[in-house]
Amino acid sequence: MKGQSLHIKNELQQLPRLLEFIEQATEELALSQSVNMNIKLAVEEAVVNIILYAYPKETNKDILIDLAYNGKRLKVVISDYGIAFDPTVAKEPDTTLSLEQRPVGGLGIFCIKKLMTNVSYHRKGDKNVLTLIKEIH
Amino acid sequence: MKISVINGPETTISLSGQLDTLTAVDFEKEIHKALEGDPMNIVLNGADLTYISSAGLRLLLTLQKGMKLKGGTLRLKNIRKEIMEILHITGFSSILTIE
């Protein structure tokens, strides 16, 4: 099991660091471009939600990203101490609507669920823990 | 991310790099220029676009809706395989014109 961690603050300006972290980790693990794209997307969506909504009026708050890979499954655990929020229960958009009917937005959490093999949320004390699992074939 | 715009009989917007929550801000400005300006036919070249998140998807939908309202067209070309996968999953491949 190989593991890596990143600690960022709740600022959108930290997003390039997050994407770079995922890029490097997936490169080191020799994962495909497609897996790299999917993991980056899922993690960006989850972390951007935390940055924008978990700490409404506070800055300099912590977000932790732990990544581990055992050769078959990649596990990313995202933790924060903000407002309790379970993204796994968010309403799914209707992806079959026509161009005119299709609302703009609401795709972030949907993408996380579609691209990962499993997504689970736990509130542990005052901490949000979101676990993303991707089985790699 | 780099954005280059070439005007002509059709306007070609080429995206290079990562279209994420932060870089989407620059792309949004180009989209507003295009929607408020003359271009009636836009080609979005994705040959060097390596990543897209929901912020980018939102803008593609905004651009497509805006061009349709204007009576114009939008075509996406040279979209990479990893990004096509995302367009399929989100149902965007059936509402966008992709060559």
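So that the names make sense, note that chain A is the first sequence line, chain B the second, and so on, each numbered from 1.
Within a 6.0 Å radius of NZ in B/Lys70, other residues, nucleotides and ligands contribute more than 12 heavy atoms. Atom OH of A/Tyr121 sits in a crowded spot, with more than 12 heavy atoms from other residues, nucleotides or ligands closer than 6.0 Å. Heavy-atom neighbours of A/Lys113 NZ from other residues, nucleotides or ligands within 6.0 Å: above the threshold of 12. Annotation for B/Lys68: atom NZ does not count as buried by contact number, only 12 or fewer foreign heavy atoms lying within 6.0 Å.
With a 4.5 Å cut-off on side-chain heavy atoms, B/Ile86 and A/Leu115 count as touching. Counting heavy atoms from C-beta on, the side chains of A/Gln33 and B/Lys81 never come closer than 4.5 Å. Between A/Glu23 and B/Gln18, the closest side-chain pair of non-hydrogen atoms falls below 4.5 Å. Side chains of A/Met37 and B/Ile83 form a contact here, defined as non-hydrogen atoms less than 4.5 Å apart. Between A/Asn36 and B/Tyr51, every side-chain heavy-atom pair lies at or beyond the 4.5 Å cut-off. Side chains of A/Leu99 and B/Leu96 form no contact here, defined as non-hydrogen atoms less than 4.5 Å apart. Between A/Cys111 and B/Ile89 there is no side-chain heavy-atom pair separated by less than 4.5 Å.
If you tally non-hydrogen atom pairs under 4.5 Å between each of A/Leu107, A/Leu41, A/Thr95 and chain B, the highest count goes to A/Leu41. Of the listed residues (B/Glu85, B/Lys65, B/Arg80), the greatest number of heavy-atom pairs within a distance under 4.5 Å of chain A belongs to B/Lys65.
If you measure heavy-atom distances from A/Ser98 to chain B, the contacts under 4.5 Å come from the backbone alone. Contact of B/Leu22 with chain A is made through backbone and side chain together, with heavy-atom distances under 4.5 Å. The parts of B/Ile52 that come within reach of chain A are both its backbone and its side chain, each placing non-hydrogen atoms under 4.5 angstrom from that chain. Residue contact with chain B, scored on non-hydrogen atoms closer than 4.5 Å, involves the side chain of A/Val48 exclusively. Heavy atoms of B/Gln64 lying under 4.5 Å from chain A belong to its backbone as well as its side chain. There is no contact between A/Pro93 and chain B, counting heavy-atom distances below 4.5 Å. Residue A/Ser34 touches chain B through both its backbone and its side chain, counting heavy-atom pairs closer than 4.5 Å. Contacts of B/Thr23 with chain A are absent, with no heavy-atom separation under 4.5 Å from either backbone or side chain. Residue contact with chain B, scored on non-hydrogen atoms closer than 4.5 Å, involves the side chain of A/Asn38 exclusively. The contact between A/Leu19 and chain B is made entirely by side chain atoms (from C-beta outward), counting heavy-atom distances below 4.5 Å.
Atoms CD and CD1, on A/Gln101 and B/Ile95 in that order, are 10.5 Å from each other to the nearest 0.5 Å. Taking OG from B/Ser53 and NZ from A/Lys40, the interatomic distance works out to 10.5 Å, rounded to the nearest 0.5 Å. The OG atom of B/Ser54 sits 8.5 Å away from the CD1 atom of A/Ile112 when rounded to the nearest 0.5 Å. In this structure, A/Leu18 CG and B/Asp20 CG are separated by 9.5 Å, a value rounded to the nearest 0.5 Å.
Minimum heavy-atom separation, B/Arg58 to A/Gly105: NE-CA, 3.8 Å.
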